[in-house]
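Mind having a look at this structure? Questions to follow.
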Number of protein chains: 2
Amino acid sequence: MTPLVKGSARMPRSVDVARLAGVSQKTVSRVLNNEPYVSADVRQRVLDAADQLGYRLNNAARTLASGRTRSIGVVSLGTALFGPASLLIGVERAVRDAGYALRIVNTLEGDAPDIAGAVESLLEQGVDGIVISEPIDEQTEPVRVDVPVLSLGAPSAFAAPRVLTTGVSTELLARVATEHLLDLGHASVHHLAGPQRWYAARDRLEGWRAALQARDRHEPAVLHGDWSAASGYAAGRELAGDREVTAVFAANDDMAIGVIRALLEAGRRVPEDVSVVGFDDIPVAAYVTPPLTTVRQPFDAVATEGIKLLVRAIEQPQADLPPAAGQPVELVVRSSTAPPPRTTRGRRRATSD
Amino acid sequence: MTPLVKGSARMPRSVDVARLAGVSQKTVSRVLNNEPYVSADVRQRVLDAADQLGYRLNNAARTLASGRTRSIGVVSLGTALFGPASLLIGVERAVRDAGYALRIVNTLEGDAPDIAGAVESLLEQGVDGIVISEPIDEQTEPVRVDVPVLSLGAPSAFAAPRVLTTGVSTELLARVATEHLLDLGHASVHHLAGPQRWYAARDRLEGWRAALQARDRHEPAVLHGDWSAASGYAAGRELAGDREVTAVFAANDDMAIGVIRALLEAGRRVPEDVSVVGFDDIPVAAYVTPPLTTVRQPFDAVATEGIKLLVRAIEQPQADLPPAAGQPVELVVRSSTAPPPRTTRGRRRATSD
DNA sequence: CTGAAAGCGCTAACAC
DNA sequence: GTGTTAGCGCTTTCAG
């Protein structure tokens with residue numbers, strides 16, 4: 001009468017392995033944890049015995065006895081948006097490479113209570129560290145957490161032993177995108193921002209603004225979308241009516257594609273009449289009409305870097321945390337951007353002909 | 001000297017709660033597990049005490065004592081492709097709704113050894129059930145698993161107590177897409193298939209073939225892509241050279257967008273000269289030029305249905321498994337499809353004028 | 001280098 | 001309705 005039977009036979013335990021290998025249970029534990037001070041001979045005997053029995057370490061027992069779960073929890077957004085999804089993939093790989101298991105909780109809205117609840121549920125499941133993938137709202141009141149927290153992107157209000165932050169400065173990327181347009185000769189650049197509750201959206205807005213201010217350009221009213229192509233389309237219709245508009249920087253590619261669609265439908269050519277830059281370099285960006293100029297985020301590098309920091313905070317609680325390394329920035333110029341039309345009021349001078 | 005301290009203070013245990021509430025430790029356990037036979041008064045006292053202490057159940061101890069992990073593992077593909085990502089989100093939600101935690105392992109290639117390894121690692125972490133999200137290769141030799149396995153899409157070779165399968169018949173969706181083109185009057189339909197290692201790709205290919213055969217149409221040579229817009233573009237260039245081509249069904253939207261791009265560059269209009277249908281209805285599908293006709297998969301319904309089955313298999317090992325319910329099929333007609341040009345050799349007759 | 005004893009914090013079975 | 005008694009299968013001391 002063994003209630004823990006999963007399959008037909010009882011699961012072998014480490015004592016069974018020990019018995020078969022003719023050693024103590026503790027020695028089995030040593031071998032399986034790659035601890036030193038085990039003779040090669042004994043090690044091999046144990047390994048063989050384990051293999052023969054189809055033995056598998058019981059994770060719950062390990063965790064209970066050691067107090068370490070060897071797993072990392074991530075709070076993610078329940079969205080198939082390219083950015084968050086790509087980041088999550090990078091995080092999974094990095095976590096696995098570091099020898100940890102991954103536990104995921106998605107939040108629907110990503111607002112403060114949602115995130116707090118998700119963190120709570122991860123803590124209950126047992127995790128050694130937590131990653132907040134796309135932080136949205138600032139936490140109003142700090143959540144108390146007893147493991148290190150990595151916030152990918154935004155600083156967040158967690159009262160944890162260690163709070164870490166990495167991420168590219170997407171602000172820098174936004175600046176680069178805007179400058180590209182300015183360099184082409186546009187007098188100014190309109191911005192279609194993402195939902196301002198997202199840190200990523202605010203960050204890009206700031207980058208755009210900084211680029212404009214650095215060159216002392218007029219700052220047009222900001223339009224707001226929700227990351228969707230549909231919202232980009234709606235904004236594009238507004239933009240199409242305004243003849244002043246010669247350049248648009250959208251906070252992601254989906255919205256940029258929506259903007260272009262609206263512009264084309266209104267009879268404004270892209271890039272001849274209006275240039276459009278996106279953000280993310282989604283896989284289809286090179287194949288829409290016209291191929292989209294955009295900037296690319298190094299999701300994988302960000303994830304790798306972030307998890308490295310988190311794991312260090314978990315395993316060496318005392319050590320100093322090195323500052324996050326800067327990530328490369330990549331502008332991908334395609335055909336949706338060009339110099340402004342001649343009749344523009346821009347301070348550009350006709351270049352030839 | 002308590003090694004399990006995570007924060008500054010020792011984590012409270014259920015005995016601490018019991019002491020504070022003036023009951024036995026077992027009663028605390030009862031309350032926290034929502035077991036019956038606890039008076040409302042005692043229940044409230046326990047809850048208050050737990051709250052006051054900031055008590056949190058220790059999952060490892062629960063698991064060890066009960067033999068149930070209350071978590072489900074998913075083997076997923078490390079890709080940000082819209083389909084797999086959307087499915088994963090649905091799975092996460094369904095798993096959470098069922099009161100289980102989620103453990104994820106991505107595979108890079110999704111081939112047999114990869115999947116076997118991923119399953120092994122989930123088993124070691126401890127899971128009550130396993131979901132194989134986008135099955136690729138058939139397993140050559142069955143993997144022995146002692147928990148129920150849900151294969152989302154394809155039947156797979158797991159020697160598990162129960163192996164379940166759900167998923168829309170994407171074969172049916174492919175047939176609907178092909179029939180749409182045929183109904184418009186096209187003599188036949190070319191197919192740009194996905195990588196044939198993917199079950200999803202083989203399934204769609206079959207649906208396309210079935211539609212053609214049902215109407216006794218000529219079956220053109222199949223083109224192959226890798227799901228990417230780039231591969232669609234390459235295939236599109238081939239297609240553009242062949243004047244016989246008036247209709248193309250691509251196995252996903254990204255490839256369809258690549259095909260359209262190549263067609264347009266070659267001077268073939270879409271849909272006037274060639275109609276193109278995609279698959280998935282990715283968010284930008286409605287905003288590319290021309291807006292893409294496509295079919296939509298009910299990811300959420302598939303996930304919900306599948307997890308429901310899996311949870312039943314976990315919690316009621318003896319019960320019969322109801323067959324998976326059929327899912328609705330949705331064809332989204334936009335502007336990338338139209339009747340074939342007049343000069344076509346198709347058996348269609350001019351309709352008017 | 002190896003082993004024996006003592007829990008980790010909870011649930012399960014059974015008593016009261 | 002509630003409490004008591006045993007473990008769950010490991011890791012952690014601490015001896016040899």
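Here the structure is a predicted model, which is why all the values come from computation and not from measurement. Residue numbers start from 1 in every chain, and the chains themselves are labelled A, B, ... in the order their sequence lines are given, proteins ahead of strands. Only heavy atoms go into these numbers, but all of them, side chains included; no hydrogens, no water, no symmetry mates.
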Exercise for the section: Could you check whether A:N59 gets within reach of a base, just the sugar-phosphate, or nothing at all, counting any heavy atom under 4.0 Å? Expected result: nothing
Practice task
State, without any angle test, whether A:R96 and B:S121 hold a side-chain donor-acceptor pair at a distance under 3.5 Å.
Solution key: no
Practice task
State whether A:Y37 places a side-chain N or O below 4.0 Å from either non-bridging phosphate oxygen (OP1 or OP2) of C:dG3.
Solution key: no
Handout entry: Residues from residues 17-26 of chain B lying under 4.0 Å of DNA chain C - heavy atoms
Key = B:Q25, B:K26
Completion exercise
Minimal heavy-atom distance between A:V23 and A:V46, with the atoms involved, is CG2-CG2, 4.0 Å
Fill in the blank from the handout: A:D41 atom CG is separated from C:dC1 atom P, nearest whole Å, by 12 Å
Problem - Distance below 4.0 Å between B:N58 side-chain N/O and C:dC8 OP1 or OP2 - result: no
Problem - Between C:dG9 (P) and B:M11 (CE): distance, integer Å - result: 10 Å
Completion exercise
When rounded to whole Å, the CG to P distance for the pair A:L64 and D:dC10 reads 12 Å
Handout entry: Distance below 4.0 Å between B:R13 side-chain N/O and C:dG9 OP1 or OP2
Key = yes
Handout entry: Length of the line joining B:L32:CG and C:dG9:P, which is rounded to integer Å
Key = 15 Å
Completion exercise
Side-chain atoms of B:A65 come closest, of D:dC8, D:dC10, C:dA12, to D:dC8
Problem - salt bridge (Lys or Arg N to Asp or Glu O under 4.0 Å) against B:D41, all qualifying residues, sequence neighbours excluded - result: B:R45
Fill in the blank from the handout: Taking C:dG3, C:dT11, C:dC8 as options, the one with an atom nearest any side-chain atom of B:R62 is C:dT11
Handout entry: Interatomic distance, B:N33 CG vs C:dA12 C1' [rounded to whole Å]
Key = 12 Å
Practice task
Pick base, sugar-phosphate or nothing for A:V42, based on heavy-atom distances below 4.0 Å to the nucleic acid.
Solution key: sugar-phosphate
Problem - Under-4.0 Å side-chain N/O to phosphate OP1/OP2 contact, B:S39 with D:dT2 - result: yes
Do any side-chain atoms of residues 71-81 of chain B form donor-acceptor pairs under 3.5 angstrom with protein atoms, and if so which ones, sequence neighbours left out?
from: B:S71; atom 1: OG; to: B:T69; atom 2: OG1; distance (Å): 3.3
from: B:S71; atom 1: OG; to: B:G126; atom 2: O; distance (Å): 3.3
from: B:T79; atom 1: OG1; to: B:L81; atom 2: N; distance (Å): 2.9

Problem - First encountered from the 5' end of DNA chain D, between A:S14 and A:R30 - result: A:S14
Completion exercise
note: B:L57, atom CG; C:dG9, atom P; distance rounded to Å ~ 13 Å
Problem - Rounded distance in Å - CD (B:E35) to C1' (C:dA12) - result: 10 Å
Completion exercise
By side-chain hydrogen bond (donor to acceptor under 3.5 Å, both in side chains), A:D16 pairs with (sequence neighbours left out) A:R19
Problem - Polar contact flag, side-chain donor to acceptor under 3.5 angstrom, B:N33-B:R62 - result: yes
Handout entry: Listed partners of A:D48 passing salt bridge (Lys or Arg N to Asp or Glu O under 4.0 Å), at least two apart
Key = none
Exercise for the section: Check side chain to side chain contact (heavy atoms under 4.5 Å, CB included) between A:L47 and all other residues, then give those that pass, not counting sequence neighbours. Expected result: A:V31, A:L32, A:R43, A:Q44
Exercise for the section: Examine C:dG3: is either OP1 or OP2 under 4.0 Å from a nitrogen or oxygen in the side chain of A:T27? Give yes or no. Expected result: yes
Problem - Side-chain N,O (B:S29) to OP1/OP2 (C:dT11) below 4.0 Å - result: yes
